Amino acid sequence: MIFAHQALLSTGWAQDVRLTLIGGCIQKIETDAHAQAGDICVDTLLPALANLHSHTFQRAMAGMTEVRKSGRDSFWTWRDLMYRFMDHLTPDQLEAIAALVFMEMQEAGYASVGEFHYVHHQRGGMRYDALAELSLRVMSAASQSAIGLTHLPVLYTYGGAGQVPLEEGQRRFGNDIEQYNALVEGARTGLSNLPNDAKIGIAPHSLRATSPDDLTAVIAAHKGDQVHIHISEQPKEVRDIQAWLGARPIDWLLSNNDVAANWCLIHATHMTDDETRAMAASGAVAGLCPITEANLGDGPFNGPLYLKSGGAFGIGSDSNVNISLTEELRTLEYSQRLRDGARNVMIVGEGSVGHTLYTGAASGGAQALGRDAGEIAIGKLADLVAINTDSMALCALTQDQILDGLVFAAKDTVVTDQWSAGRHCVRGGRHIARDAITARYRAAVSQLLASI
C-alpha cells in the first residue's frame with residue numbers, strides 16, 4: 001500500500017490518497033484516507049513518465065565529443081566519433097552500461113524505457129552464436145534495475161538514402177529482413193526472464209537505413225507491434241530522402257504507410273506546417289529528445305502547431321549525455337521560447353505549461369511504449385514517482401503550481417521514491433541496486449577505456 005499526502009490522479013489533485021497495488025497494477029484508490037501500519041508513506045505522488053527513446057551504450061561516451069576540431073562540427077561528425085567508440089564495446093560492457101543507465105533513469109523519475117537497440121553483432125559485423133545476444137544483454141540489464149522495458153531491436157540494412165552499402169562503422173548494426181525477423185524472435189525469448197509488463201516492438205532505424213519494400217515487409221511481419229522510427233532529424237536527411245523518394249520524409253512515410261497510434265516518430269524536427277498537421281492527425285506519438293537534439297544541433301520541434309493540431313508527444317533521453325527528466329521537459333519548452341522570442345509556448349490556450357508538458361509526456365510516453373500507464377487510475381500499471389514538495393525549489397508553491405515548479409525550477413533530486421509496475425525501485429532518492437550496478441559499471445568502463 002502507498003499513502004501520499006497528495007496525489008495527481010486522473011481526475012485531478014486529491015488529498016490523503018491511499019493506493020492498493022496488486023499484480024503491478026492499481027487496484028484501489030482511496031481519498032481523504034488515513035495511513036495504516038505498513039504503508040509506504042510519501043509526500044506527493046505523480047504518474048511516472050516513460051523514457052520513450054534511449055541508446056544506452058552512448059552514456060559511456062558522454063563528455064567525449066565536446067571538443068571542437070577544424071571545420072564545422074555537426075551531427076554527422078558526432079556520428080563518426082560514436083561509431084568508433086561503439087566498435088570497442090563487448091557484451092559484458094554493453095550490459096553494465098545499460099544497467100547503469102536504467103538505474104539513473106529511475107532515480108530521475110522514469111518508470112519505463114524504450115530501448116532503441118541497434119548494436120547487434122561483433123566488431124566488423126560477425127554474428128554472435130546467439131543472434132540476439134546483445135538484445136538479451138539489454139534485457140538482463142533491465143532485470144537488474146527492474147525498470148519497465150519496451151525493447152526495440154533496430155532494422156538497419158543500408159548506409160544511407162538510396163540503399164547505399166553499410167559503412168565500416170555500421171557493420172555491427174546490419175541485418176537483412178530475414179535475419180532481422182529471426183533476431184526479433186530470438187529477443188522475444190528474453191521476455192520470459194522479465195516481468196509481464198515487458199514488451200518487444202520493432203524499430204526500422206530510419207528511411208535512409210532501410211528501403212520502401214523492406215519497410216513494408218517488416219511492418220507486415222510484426223503487425224500490431226509498437227513501431228519506432230527516426231525521422232526528419234537533420235536537414236541533410238530531409239534533402240537526401242526527397243532526392244531519392246521524391247518527397248520529404250514525414251510526407252512520404254504518412255503517404256505510404258498506415259501510421260497510427262502504435263507508431264512513434266522520433267525527433268520529427270524538420271517538418272513543414274502541412275507535415276506537422278498530418279503527423280498530429282495520424283495518432284502517432286512524437287518522440288522528442290530535447291537535450292540530445294540541442295547537444296547534436298538538430299534544431300527545435302514545431303511544438304505550438306503540433307499541439308494545436310492535437311498531436312501526442314513524449315520524451316526520451318536518446319544519447320543519454322544527461323539523464324534528467326526535468327531537464328528534458330524544460331529544454332523542450334525553452335527551445336520553443338528561444339526560437340519564437342516568447343514565453344509559455346507549449347500549451348494550447350491558457351493554463352499551466354508545466355502541467356501540460358508533464359501530463360502530455362506521461363500520456364504520450366505510455367502510448368509509445370504500449371504500456372497501460374501514464375495516469376494514476378484504477379487498472380493502470382503502477383508506474384509512479386513520489387517527490388518532496390518541501391524541497392527549496394517547491395516549498396513556496398501552491399498545489400496548482402507544483403508541476404510548474406517541478407519542470408522549471410526543481411532538479412531530479414526531489415524524487416524520493418519510484419515504482420515500475422509496482423516494483424519499488426527507488427527509496428529515499430536511491431535505487432535499491434545502486435551499489436552493485438555502479439560497481440559493475442566502473443569495472444566495465446575501465447576495461448573499455450583500456451581497449452580504446
Side-chain angles (χ1 to χ4, degrees), residues 1-51 102-113 142 145-149 194-198 325-326 355 358-359 361-363 365-366 369 371-391 393-395 397 399-400 402-403 405-406 410 412-434:
M1 311 295 182
I2 303 171
F3 178 83
H5 294 294
Q6 57 186 349
L8 182 61
L9 307 181
S10 59
T11 53
W13 285 104
Q15 299 297 123
D16 298 324
V17 176
R18 191 166 185 265
L19 300 187
T20 301
L21 311 183
I22 293 183
C25 295
I26 301 169
Q27 186 203 44
K28 185 178 180 181
I29 301 175
E30 302 169 79
T31 58
D32 299 320
H34 298 282
Q36 298 182 19
D39 286 357
I40 299 166
C41 296
V42 299
D43 174 38
T44 300
L45 195 66
L46 303 172
L49 269 60
N51 183 328
F102 294 155
M103 179 201 75
E104 289 184 305
M105 289 176 184
Q106 290 169 295
E107 289 186 342
Y110 294 110
S112 58
V113 60
S145 73
I147 199 168
L149 176 68
L194 292 173
N196 60 12
D197 58 292
L325 185 155
T326 56
H355 188 279
Y358 191 93
T359 58
S363 174
L369 298 196
R371 291 179 73 80
D372 190 14
E375 58 181 352
I376 301 178
I378 292 173
K380 296 291 185 180
L381 284 175
D383 284 357
L384 305 167
V385 62
I387 62 172
N388 175 22
T389 57
D390 195 42
S391 69
L394 302 176
C395 65
L397 302 178
Q399 192 174 70
D400 288 339
I402 287 172
L403 291 182
L406 178 64
D412 297 324
T413 51
V414 299
V415 171
T416 61
D417 296 80
Q418 180 273 327
W419 292 261
S420 294
R423 300 180 292 275
H424 193 186
C425 302
V426 175
R427 307 176 187 186
R430 181 181 173 88
H431 195 284
I432 58 174
R434 167 169 271 279

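These numbers were taken from a predicted model, which means no experiment stands behind them.
You'll find the side chain of Val385 stays beyond 4.5 Å of the side chain of Leu49, heavy atoms only. At least one side-chain heavy atom of Val414 sits less than 4.5 Å from a side-chain heavy atom of Leu406. Looking at heavy atoms from C-beta onward, Leu325 lies out of side-chain contact with Val415 at the 4.5 angstrom threshold. Taking 4.5 Å as the limit, every side-chain heavy atom of Asn51 sits out of range of all side-chain heavy atoms of Phe102.
Going from atom CG of Leu19 over to atom CH2 of Trp419 covers 8.5 Å, rounded to the nearest 0.5 Å. Note: Ile387 CD1 to Leu394 CG = 5.5 Å, rounded to the nearest 0.5 Å. How far CH2 of Trp13 is from CG of Leu403: 5.5 Å, rounded to the nearest 0.5 Å. Atom OG1 of Thr20 is separated from atom CD of Glu30 by 5.5 Å, given to the nearest 0.5 angstrom. The CE atom of Met105 sits 12.0 Å away from atom CG of Asp412, with the distance rounded to the nearest 0.5 Å.
Under the side-chain contact (heavy atoms from CB on, under 4.5 Å) test applied with Ile2, the options Asp417, Leu45, Ile26, Asp39 reduce to a single match, Leu45. A side-chain hydrogen bond (donor to acceptor under 3.5 Å, both in side chains) with His431 is found for one member of Gln106, Gln418, Glu107 and no other, namely Gln106.
Under the rule for a side-chain contact (heavy atoms from CB on, under 4.5 Å), the partners of Ile432 that lie at least two apart in sequence or sit in another chain are Arg427. For Asp372, the side chain to side chain donor-acceptor pair (under 3.5 Å) criterion is met by Lys380, not counting sequence neighbours. With sequence neighbours excluded, the residues that form a side chain to side chain donor-acceptor pair (under 3.5 Å) with Gln15 are Gln399. Under the side-chain contact (heavy atoms from CB on, under 4.5 Å) criterion, Ala50 pairs with Ser112, Leu369, sequence neighbours left out. By the side chain to side chain donor-acceptor pair (under 3.5 Å) test, Asp197 pairs with Arg371, Arg423, sequence neighbours left out. Listed by chain and residue number, nothing satisfies the salt bridge (charged side-chain N to carboxylate O under 4.0 Å, His left out) test with Asp400 (two or more places apart in sequence, or in another chain). Under the rule for a side-chain contact (heavy atoms from CB on, under 4.5 Å), the partners of Ile378 that lie at least two apart in sequence or sit in another chain are Ile29. His5 is linked by a side-chain contact (heavy atoms from CB on, under 4.5 Å) to Phe3, Asp16, Asp43, counting only residues two or more places apart in sequence or in another chain.
For the pair Ala48 and Ala111, the tightest heavy-atom approach, listed with the atom from each and the gap, is CB-CB, 3.6 Å. The shortest heavy-atom contact between Ala14 and Thr31 is CB-CG2, 3.8 Å. Closest heavy-atom contact between Ala35 and Cys41: CB-SG, 3.9 Å. In this structure, Thr326 and Ala410 approach most closely via the heavy-atom pair OG1-O, 3.7 Å. Closest non-hydrogen pair, Gly422 versus Leu21, comes out as CA-CD1, 4.2 Å. Scanning both residues, Ala142 and Leu149, for their nearest heavy atoms gives CB-CD2, 3.8 Å.
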task = Could you check Val17 against Ile376 for side-chain contact (heavy atoms from CB on, under 4.5 Å), going step by step and ending with a plain yes or no?
result = CA-CA 11 Å; Val17 176; Ile376 301 178; 6.0 Å; no
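No donor-acceptor pair under 3.5 Å is formed between the side chain of Asp383 and the backbone N or O of Ser420.
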